[in-house]
Amino acid sequence: MIELENVAYSYGGGELLSNVSLSIQPGSFHFLTGPSGSGKTTFLKMLYGELIATAGHVRLGGIDTRSMSRDQIALTRRSIGMVPQDTQFLDHLRLVENISLPLLVSGRDTGSAQTNLDDLLRWVGLTNHANAYPPELSGGERQRAALARAVIMSPSVILADEPTGNVDWEMSQRLLTLLVELNRLGKTILIATHDLTLIRAAKAQVQARVLRIAERRLHLAGADL
Amino acid sequence: MIELENVAYSYGGGELLSNVSLSIQPGSFHFLTGPSGSGKTTFLKMLYGELIATAGHVRLGGIDTRSMSRDQIALTRRSIGMVPQDTQFLDHLRLVENISLPLLVSGRDTGSAQTNLDDLLRWVGLTNHANAYPPELSGGERQRAALARAVIMSPSVILADEPTGNVDWEMSQRLLTLLVELNRLGKTILIATHDLTLIRAAKAQVQARVLRIAERRLHLAGADL
Amino acid sequence: MKQLPKQITRFIAGDAQADRIVPPTGYTAELTIFAAAVMAFLAIFSLALSSSMGRLADRWSDELAQSLTVRISAPAEQMDAQTSAALNVLNTTPGIASARAFTDEEQQALLAPWFGANVQIDALPIPRLIEVIEDDGSLDINGLRLRLQAEAPGAQVDDHARWRGPLVASANRLRLVGWMAILLIALTTAAIITLAANAALAANRQVIFVLRQVGARDAYIAMAFVRRFTLRALTGSAIGTALAVIFMIVLPSGAAGNGLLTDFGFTGGGWLLAVLLPFFVAGVAFSATNAAARRMLRSLT
Amino acid sequence: MKQLPKQITRFIAGDAQADRIVPPTGYTAELTIFAAAVMAFLAIFSLALSSSMGRLADRWSDELAQSLTVRISAPAEQMDAQTSAALNVLNTTPGIASARAFTDEEQQALLAPWFGANVQIDALPIPRLIEVIEDDGSLDINGLRLRLQAEAPGAQVDDHARWRGPLVASANRLRLVGWMAILLIALTTAAIITLAANAALAANRQVIFVLRQVGARDAYIAMAFVRRFTLRALTGSAIGTALAVIFMIVLPSGAAGNGLLTDFGFTGGGWLLAVLLPFFVAGVAFSATNAAARRMLRSLT
Ligand SMILES: Nc1ncnc2c1ncn2[C@@H]1O[C@H](COP(=O)(O)OP(=O)(O)OP(=O)(O)O)[C@@H](O)[C@H]1O
Ligand SMILES: Nc1ncnc2c1ncn2[C@@H]1O[C@H](COP(=O)(O)OP(=O)(O)OP(=O)(O)O)[C@@H](O)[C@H]1O
Ligand SMILES: [Mg+2]
Ligand SMILES: [Mg+2]
C-alpha cells in the first residue's frame with residue numbers, strides 16, 4: 001500500500017508538485033500523465049525512495065520514506081519493480097545477468113528463476129539477445145530489458161516510466177498485456193506515459209485510474225480519456 | 001545529397017540490413033519506420049559516418065564514407081544535424097552551452113547565433129531551463145535539447161532518431177512544425193520513428209516519403225500510412 | 001574473535017558472483033597495482049638504507065667510545081707513579097667506563113707504522129698510553145684535564161680520535177632521511193590508493209546507481225569494490241616487495257671491510273617489516289576504498 | 001621555428017572556451033598533481049643524494065691519492081743516501097705523480113700524538129718518511145717494493161692509509177643507488193601520469209563521444225585533454241621541486257667537518273637539473289596524454 005499525504009516536491013526552486021494526496025491500493029492499476037517536464041518522473045522517484053518529499057509524507061507499507069534507513073530503502077526496493085525512463089545497465093554484464101541482477105543482489109538463487117527468466121525473455125522478444133551486452137541493444141530493446149529486470153523478482157508493485165516510448169505499437173501492446181497479466185495476479189501497477197493510445201488500449205482490458213499532473217497538482221482524469 | 005548503393009550492414013553476426021539502395025534529394029522529407037530492433041538507428045548512423053557500411057557504398061556529398069579521413073568525417077558532421085536516440089550531453093556544461101557546442105567546436109562565433117539560440121530555446125520550450133545542467137532535465141526536455149543542438153548550426157541535413165519518444169502529443173506537434181519549417185527553408189529531413197500518428201500529422205503538412213525496414217530490406221511504404 | 005579467520009578467508013575467497021558486479025576497471029586497476037608495487041619497492045629500499053645507516057652509526061659510535069687516550073710523558077723513574085695516579089683519577093671521573101694502561105706489546109704495535117716492526121721500544125723515551133672508554137656522552141674533558149694536571153703533571157689528554165664524530169652524525173642523519181623517505185612513501189601510497197579508489201568509484205557511478213536501484217545494500221556494494229582494491233594493493237605491494245628483496249640480494253655486495261654499504265640490507269627485524277609491508281598497504285587500501293565507497297554511496301539514494 | 005614561442009604561449013594561455021569542454025576531472029586531477037609533486041620531491045632528493053655522494057667519493061679519492069708512505073729505517077750515516085736512492089726509484093716508477101721526503105718539522109707534527117709536542121726529534125732514531133702521490137690507479141705496489149729493496153734496503157712501503165678505499169667504493173655505490181632511484185622515479189612518474197591520463201580519458205568517453213558527434217576534430221579534442229594534464233603535471237612537479245629545495249635548505253646542516261652529509265645538496269649543475277625537472281615531467285605528461293587521447297579517439301568514429 002502506497003500513501004501520499006499533502007506531499008510537495010521542489011528541486012530547490014519553486015515547488016514542482018504541491019499538496020498531493022493519494023492512496024494506491026494493492027492490486028490497482030494506475031496511469032500517470034502530464035506534459036513533458038510536469039513532474040511524472042519526479043513523482044515516481046518519490047514512490048521509490050530515490051527522492052524524499054520536501055513536504056508531507058510518502059508512506060510505503062506504512063513507513064514514511066523520510067524516516068527509512070538506507071538499508072530499509074534497499075529492502076523496500078526489492079518489492080518494487082522500477083522501469084526508469086533512462087534505462088541504465090551494468091554494461092560489462094550480459095543481458096541475462098542484467099535481468100537477473102535483482103535476484104543476485106538480494107542473495108536469491110538465480111538458478112530457480114531460470115524458467116521464469118526464459119519465459120520473460122521470450123515475452124519481451126529478447127531471447128535472441130540474451131547474451132548481448134547492453135550497449136549492443138537498440139533503444140526499444142533496452143526498454144524491454146528494463147521491464148524484464150523490473151518484474152523478475154515478482155515484486156508486489158511495478159512502477160514504469162514511459163516504458164513504451166521507444167517501441168512500436170505492436171510491441172507496446174505486448175508489454176501492456178504483460179503488465180495487465182501481472183495486475184491480474186495481484187500486483188499494483190503504475191505507469192507514467194504520455195501515450196494516450198496506450199491508456200485507451202489498457203482501459204479496454206483492465207479497470208485503470210488515470211492521474212494527471214497539471215499546474216503542480218495531481219488530478220484524477222475523467223472518463224473522457 | 002545522400003546516396004546509398006547496395007548497402008549492407010552487419011554487427012558481426014548475420015546481416016541486419018541488405019542490399020539497400022536509396023537516394024535522398026536535398027530538401028526532401030523522409031520518415032523511417034520499422035519494428036524495434038529492425039535497424040533504424042543503425043541506418044541513421046551510416047548516414048552520419050558513425051558506422052561504415054559493411055558492403056556497398058554510402059556517399060555523402062559524393063564521397064564514400066568508407067574513404068573519408070577522420071577529419072573529413074568531422075567536417076561533414078558540421079553540415080548534418082543529428083538527434084540521437086539516446087541523447088548525451090556534456091554534463092558539466094549548462095544547457096545553453098551544450099546547445100551551442102557545435103558552434104564552439106567548429107570555431108564559429110557563438111555570440112552571433114544568440115538571437116537564433118533564444119528563438120530556438122523558446123520554440124522547444126526550454127527558455128526556463130537555459131542555465132540548467134543536463135542531468136537536471138526531464139526525459140522530454142533532453143530530447144528537445146538534442147533537437148535544438150542539432151539545428152543550431154543550420155545544417156543542410158537533419159537526422160532525428162525517435163525525436164518525440166518522450167514528449168507529449170502537443171510538444172511533438174511543435175517539434176514537427178519546427179522540422180517542417182526547416183524543410184521549407186531547404187533542409188533535408190530524415191526522421192526515424194515508430195509513431196505512426198506523427199507521420200500522419202506530418203503528411204498533412206508536407207510531402208513526405210515513408211521508408212520502412214522489414215526483413216532486412218528498405219521498402220517504400222504506400223499511401224496507406 | 002573466533003570468527004575472524006573465517007571472515008578473512010571469506011573476504012579473500014570472495015563471492016564469485018558478487019564480484020562480477022564490479023566491472024574490470026582497466027586503467028585504475030593497473031594504476032593501483034603499479035603504484036603499490038613501486039611504493040613497496042621504494043619503501044623496502046629506504047628501509048634497507050635506514051637500517052644499514054643505523055648499524056653503521058652504531059658501529060662507529062662504539063669505536064668512538066674508545067676514542068680517548070691519555071699520554072704520560074715523564075722521567076723513567078716517575079713513570080709508574082704518575083701512571084697509577086692518572087689511572088686513579090680516571091677511574092673516579094664520572095662518564096668514564098674504564099681506563100687501562102697499554103702493555104709494551106700494544107704500544108709497539110701502535111708505533112709500528114712509524115718505526116717498523118723491529119724497533120726496540122725500551123730504548124726509546126716513549127710515553128705511556130692509557131686507553132679510556134667513555135660510557136656515555138657526559139664526560140667533562142676540561143674538568144678531567146685540570147684534575148690530571150694536579151695529580152699527574154706529565155699526563156696529557158688526547159681526543160684526536162674524535163674525528164669520526166661527524167661521520168657518526170652523518171650516518172644518523174642518513175638513517176633519519178631514510179625514515180623520512182619511508183614516511184613520505186607511506187603517505188604517498190595511501191594518497192595514491194585513495195585517489196585511485198575515488199577515481200574508480202567516480203567512474204563507476206552508474207554501476208553503483210543501478211545496484212542501488214535494484215535493491216542492493218550499501219555494505220554489499222562497498223564490499224565488492226573494497227575487495228577488488230584491497231586484493232590489488234596486496235598483489236602490487238607483494239610484487240614490489242619481492243622485487244626489492246631480490247634486487248638487494250643480487251646487488252653486488254662490494255669490497256669487504258668497513259665500507260658504508262658493504263652490509264646494505266636488513267637484519268631480522270627488517271625482514272619482518274618487509275614481510276608485513278604488503279599487508280600494511282592492503283590495510284591502507286581497505287580503509288581508503290571503504291571510506292570512498294561509503295562517501296559515494298551517501299551521495300546516491 | 002620562429003613560431004615556436006608563440007605556439008608555446010598559446011598552449012599555456014589556451015583557449016578559455018575550448019578548455020571548458022573538458023570536465024574538471026576531480027580525483028584524477030588531484031592524483032596527477034599529487035603524484036607529480038611527490039615524484040619531483042623524491043627525484044630532487046635522490047639527485048641531492050647522488051650529487052653529495054659523488055662529491056664525497058671524489059674528495060676521498062683525492063685523499064687516497066696521497067695515501068702511500070715510504071719509511072726509511074737506516075743507520076744515521078746511510079740515511080741520506082738511502083733516502084735519495086728511494087726518491088730516485090719512486091720518481092721513475094710509472095703511476096707515481098710525485099714523491100717528497102718529509103721535513104723534520106712535518107715528522108715532528110706527525111709524531112706529536114704519540115710523544116707530545118715537545119719531543120726532541122733529533123734525539124730519536126726516527127725513520128725518514130717519504131710522501132708519495134699516485135697519479136692514477138696504475139701503480140704496481142709489489143713491483144715497487146722489489147725495486148726499492150734492491151736500491152734502498154731500509155725502505156718500507158706502507159699503504160696503511162688505504163683503509164678509506166672501501167669507503168670510496170661505498171660512496172660511489174650510494175651515488176649509483178641515487179641514480180637508480182632517479183631512473184625508477186622517472187619511470188614511475190611517466191607510468192602514473194600515463195595511467196591517470198588513460199583513466200581520465202576512459203571516464204570521459206561520453207564527453208569525447210559527444211564532441212565527435214557534433215563535429216569536433218581529433219586534434220581539438222586531444223589538445224583540450226593534453227593541455228589539462230600537461231599543466232597539471234607542470235604545477236605538481238613545480239610544487240614538489242620547490243618543497244624539496246626549501247626542505248633541503250632548512251635541513252639543519254649538521255656539524256662542520258668531513259661528514260657524509262654536511263654538504264648534502266646541489267652544486268651548479270644540480271640546480272639546473274632541479275629547474276628543468278618540472279619541464280621534463282610536463283613533457284612526459286604531454287606525450288603520455290597525447291598518445292592516450294589519440295588511442296581513445298581511434299576507438300570512436
Ligand atoms: N535533479 C534536478 N534538479 C533540478 N531540476 C530538476 C531535476 N530533475 C528534474 N528537474 C526539473 O523538474 C521538472 C520535472 O521533471 P520530471 O523529470 O519529473 O518531468 P517529467 O514529467 O518526467 O517529464 P518528461 O515527460 O519529459 O519525462 C523538469 O522541469 C526538470 O527540469
Ligand atoms: N553495437 C552493436 N553490436 C551488436 N549488435 C548491435 C549493436 N547495436 C545494435 N545491435 C543490434 O542490431 C539490431 C538493430 O539495432 P538498431 O538500434 O538499429 O534498431 P532500431 O531499429 O533502432 O530499434 P529501436 O526502435 O528499438 O531503437 C538490434 O537487434 C540490436 O540488438
Ligand atoms: Mg519523465
Ligand atoms: Mg533505434
Side-chain angles (χ1 to χ4, degrees), chain B residues 44-46 48-53 65-66 68-94 96-111 133-135 142 145-146 148-153 155 157 159 161, chain D residues 6-7 10-11 13-32 197 199-229 231-232 290-301:
Chain B
L44 286 188
K45 283 180 175 172
M46 283 195 291
Y48 187 66
E50 189 174 326
L51 296 176
I52 303 296
T65 53
R66 192 178 293 119
M68 282 185 181
S69 72
R70 293 182 58 81
D71 271 1
Q72 263 180 307
I73 288 184
L75 292 179
T76 305
R77 285 181 183 176
R78 295 180 187 178
S79 60
I80 304 179
M82 172 79 173
V83 184
Q85 190 170 13
D86 56 329
T87 55
Q88 294 189 19
F89 297 91
L90 302 191
D91 288 347
H92 64 290
L93 295 185
R94 294 178 187 281
V96 268
E97 295 171 306
N98 266 289
I99 291 179
S100 21
L101 197 60
L103 301 171
L104 177 65
V105 303
S106 60
R108 295 223 210 142
D109 186 9
T110 49
Y133 290 97
R142 290 170 67 87
R149 184 178 63 187
V151 303
I152 188 83
M153 290 267 278
V157 177
L159 308 175
D161 199 353
Chain D
K6 210 181 253 172
Q7 278 180 10
R10 211 171 49 202
F11 179 80
D15 171 350
Q17 262 193 314
D19 260 16
R20 298 210 57 207
I21 65 171
V22 179
T25 34
Y27 293 111
T28 37
E30 287 164 31
L31 183 61
T32 313
L201 284 161
N204 283 303
R205 214 185 147 81
Q206 179 181 337
V207 168
I208 296 175
F209 180 83
V210 169
L211 289 171
R212 274 297 295 177
Q213 202 170 50
V214 299
R217 287 168 138 165
D218 285 1
Y220 180 87
I221 300 171
M223 203 35 66
F225 282 93
V226 167
R227 267 198 79 240
R228 274 282 173 91
F229 269 87
L231 293 182
R232 261 179 216 154
N290 200 37
R294 297 288 171 159
R295 192 159 1 101
M296 155 120 314
L297 278 163
R298 268 195 304 275
S299 77
L300 295 171
T301 39

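Quick note: numbers below take in every heavy atom, side chains included, and nothing from hydrogens, waters or symmetry partners.
For B/Tyr48, the part sitting under 4.5 Å from any heavy atom of chain D is the side chain, from C-beta outward, and nothing else. With a threshold of 4.5 angstrom between heavy atoms, D/Val207 approaches chain B through its backbone and through its side chain. Heavy atoms closer than 4.5 Å to chain B are found nowhere in D/Ile221, neither backbone nor side chain. Interface remark: B/Pro155 contributes no atoms to any contact with chain D (heavy atom separation under 4.5 Å).
Between chain D and the residues B/Gly49, B/Ser79, B/Ala74, the most heavy-atom pairs under 4.5 angstrom are made by B/Ala74. In terms of heavy-atom pairs under 4.5 Å with chain D, the best-connected choice from B/Lys45, B/Arg78, B/His92, B/Glu50 is B/His92. The most heavy-atom pairs under 4.5 Å with chain D, out of B/Arg149, B/Met82, B/Gln88, come from B/Gln88.
A donor-acceptor pair under 3.5 Å links the side-chain atoms of B/Ser69 to the main chain of B/Gln72, judged by distance alone. Remark: the backbone N or O of B/Leu90 is paired with a side-chain donor or acceptor of B/Asn98 at under 3.5 angstrom.
Remark: D/Arg217 engages B/Asp71 in a salt bridge (charged side-chain N to carboxylate O under 4.0 Å, His left out) (not counting sequence neighbours). Every residue meeting the salt bridge (charged side-chain N to carboxylate O under 4.0 Å, His left out) condition with B/Arg70, not counting sequence neighbours, appears here in chain and number order: D/Asp218.
Inter-residue side-chain proximity for B/Asp91 and D/Pro23 is flagged as unmet; no heavy-atom pair is nearer than 4.5 Å.
Cation-pi geometry between D/Arg228 and D/Phe225 is not met at under 6.0 angstrom from the ring centre and within 45 degrees of the axis.
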